[in-house]
Amino acid sequence: MHNKTIAELIVGLKAGDFSSVELTQTYLERINSLDQQLNSFITVTPEIALQQAQQADKQRAAGNVELLNGIPLAQKDIFCTKDVKTSCGSKMLDPFISPYNATTIEKFNSTGAVMLGKTNMDEFAMGSSNETSWYGPVKNPWALEAVPGGSSGGSAAAVAARLTPAATGTDTGGSIRQPASFCGITGLKPTYGRVSRYGMIAFASSLDQAGTLSRTAEDAALMLNVMAGLDRRDSTSVDQPVPDYTASLNDSLEGLKIGLPKEYFSEGLDDSVAKVIEDAVKEYEKEGAVISEISLPNSQLAVPTYYIIAPSECSSNLSRMDGVRFGHRCDNPEDLNDLYIRSRGEGFGPEVKRRILVGTYALSEGFYDAYYVKAQKTRRLISNDFKAAFENVDVIMGPAAPSTAFNIGELTDDPITMYLSDIYTIAVNLAGLPGMSIPAGFVNNRPVGLQLIGRHFDEAKLLNIAHSFQKNTDWHSRGPELFS
Ligand code: GLN
């Protein structure tokens with residue numbers, strides 16, 4: 001049962017091959033017996049899961065079958081969940097029980113999904129390896145000595161190890177696509193504004209977007225059908241019609257124009273990863289796609305631009321974690337200043353502190369123009385590169401990350417190299433575009449992801465392109481032996 005995709009589980013539930021309660025029990029048992037090896041969950045919610053599963057079975061018996069009726073899912077611990085701890089991977093929020101649900105959670109609840117628990121993540125979604133979590137690192141199910149990627153590493157590892165059929169993630173600079181690549185699964189980051197950010201704890205508000213980690217593109221389409229759409233409670237969510245994302249999965253790719261940015265295949269990319277990506281792109285030629293080289297000339301500005309904008313926004317967003325309004329409070333404060341200083345000092349980990357310091361500096365009087373305003377200008381240049389490229393091509397392809405999963409501890413003392421692991425994903429967030437990573441092969445038994453980048457609100461096309469690859473290859477259906 002645990003090797004089935006969401007699409008297959010929907011068929012099985014409908015046919016009465018198993019109930020949602022049986023399915024949910026299977027996953028809860030797997031989490032219980034296998035997750036000690038991975039640390040992919042911060043909180044497991046068996047009572048809620050079984051109660052939701054019973055409810056789903058009852059609804060089905062009554063002929064009232066919602067889109068995801070009875071399907072178990074895991075939620076990244078960045079989404080507020082009523083009456084369940086929402087820690088965002090931080091000691092700061094370890095005691096936080098949200099009084100309300102994020103819109104995404106509400107939508108899953110109202111379409112019959114079952115919540116298995118909340119997944120581990122880098123602290124406040126800052127990281128590329130899941131090593132910044134206060135709850136300890138997550139292991140990669142393909143190689144337990146390796147990282148799963150980050151910041152949605154708990155979700156990615158849980159899906160790859162079949163501890164859940166699929167999970168949510170969030171992506172500010174690559175946090176869905178990079179862990180999907182490292183764990184050999186399918187990750188979708190929708191267009192900025194496609195999915196509501198209400199109740200999703202903010203890291204960098206102009207970049208954050210919720211999306212999916214699943215085994216297949218078809219499952220991502222099923223989840224996006226539920227997640228996408230305008231939310232009056234999020235002023236940046238966009239009023240665009242939501243198509244049925246499963247309807248166009250099988251469209252022909254004849255004549256599809258694919259662009260390969262030369263900047264994504266240059267120095268810094270591991271040779272064996274490059275080879276996997278080149279072979280994957282060739283699959284599309286067989287489908288009648290036309291491939292050409294393109295240029296995104298300002299690509300080298302993406303990482304420095306992001307590391308001004310994201311810290312600036314996070315320094316502002318995290319100011320509410322002060323021990324008064326939100327978050328950990330120190331013991332016996334002497335006065336108000338002492339309370340702020342010690343509460344924040346104790347609650348935040350080193351990576352979060354580093355970002356707050358950089359952001360506060362970049363926004364301070366006298367430096368604002370030189371850093372923040374300048375970064376907004378280079379952001380526009382990066383965005384314009386994509387605009388120009390999409391006049392000639394329908395989709396951009398390249399690697400999701402420059403290497404396969406690195407080992408735990410390998411880059412912890414080298415933040416700059418760590419930051420570079422998002423070199424191919426960050427520009428997509430700066431431009432607000434949709435992107436995916438799909439399993440494309442292996443190097444030394446560690447997965448490699450092919451990145452697909454589309455035009456704004458072109459998720460249906462991306463999913464079609466990804467699904468077509470998955471009809472012709474079986475990389476996405478392979479699982480790590482240890483968790484078979
Ligand atoms: N790895 C990037 C960072 O550390 C991106 C994180 C994300 O997308 N949330 O900021």
Side-chain angles (χ1 to χ4, degrees), residues 76-79 88-90 119-133 137-138 147-156 167-183 187-192 195 197 200-213 302-315 317-318 348-359 362 375 379 400-403 405-406 410-412 414-437 449 451 453:
K76 185 176 181 180
D77 206 20
I78 198 168
F79 291 99
C88 224
S90 183
T119 54
N120 203 344
M121 56 181 284
D122 277 303
E123 185 175 5
F124 287 104
M126 298 173 198
S128 308
S129 65
N130 233 290
E131 293 166 291
T132 73
S133 168
V138 177
V147 304
S151 65
S152 312
S155 289
T168 50
T170 60
D171 191 314
T172 304
S175 279
I176 288 177
R177 290 158 289 157
Q178 188 253 21
S181 174
F182 281 13
C183 290
L188 165 68
K189 176 206 108 64
T191 308
Y192 182 75
V195 174
R197 292 185 299 109
M200 189 178 110
I201 294 172
F203 163 11
S205 313
S206 77
L207 300 160
D208 298 342
Q209 183 60 200
T212 63
L213 289 139
V303 172
T305 301
Y306 173 89
Y307 278 100
I308 294 296
I309 292 176
S312 297
E313 293 184 11
C314 97
S315 71
N317 277 326
L318 296 190
F348 290 134
E351 184 59 28
V352 174
K353 286 179 184 159
R354 177 158 36 228
R355 308 273 180 121
I356 293 175
L357 284 173
V358 170
R379 179 176 189 170
S403 68
F406 43 88
E410 197 178 325
L411 299 181
T412 31
D414 185 359
I416 303 290
T417 310
M418 184 79 92
Y419 293 172
L420 288 173
S421 69
D422 293 312
I423 192 161
Y424 306 126
T425 49
I426 274 177
V428 176
N429 300 71
L430 290 167
L433 298 165
M436 289 186 77
S437 175
Q451 185 175 203
I453 305 167

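When a ligand or atom number is given, it counts from 1 through the structure's own listing order.
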When Lys76, Arg177, Arg197 are each screened for salt bridge (Lys or Arg N to Asp or Glu O under 4.0 Å) with Asp171, the one that passes is Arg177

Lining ligand 1 at under 4.0 Å, by non-hydrogen atom distance, are residues Ala125, Met126, Gly127, Ser128, Ser151, Asp171, Thr172, Gly173, Gly174, Ser175, Phe203, Tyr306, Tyr307, Arg355, Asp422

* Asked: Would you say the side-chain atoms of Gln178 and Ser128 include a donor-acceptor pair closer than 3.5 Å?
  -> no

Contacts of Thr119 meeting side chain to side chain donor-acceptor pair (under 3.5 Å) (sequence neighbours excluded), chain-then-number -> Ser155

Applying salt bridge (Lys or Arg N to Asp or Glu O under 4.0 Å) to Asp122 and not counting sequence neighbours gives none

In this structure, OH of Tyr306 is separated from CG of Asp422 (nearest 0.5 Å) by 6.5 Å

Residue pairs meeting salt bridge (Lys or Arg N to Asp or Glu O under 4.0 Å), one or both in residues 200-212, sequence neighbours left out, come to none

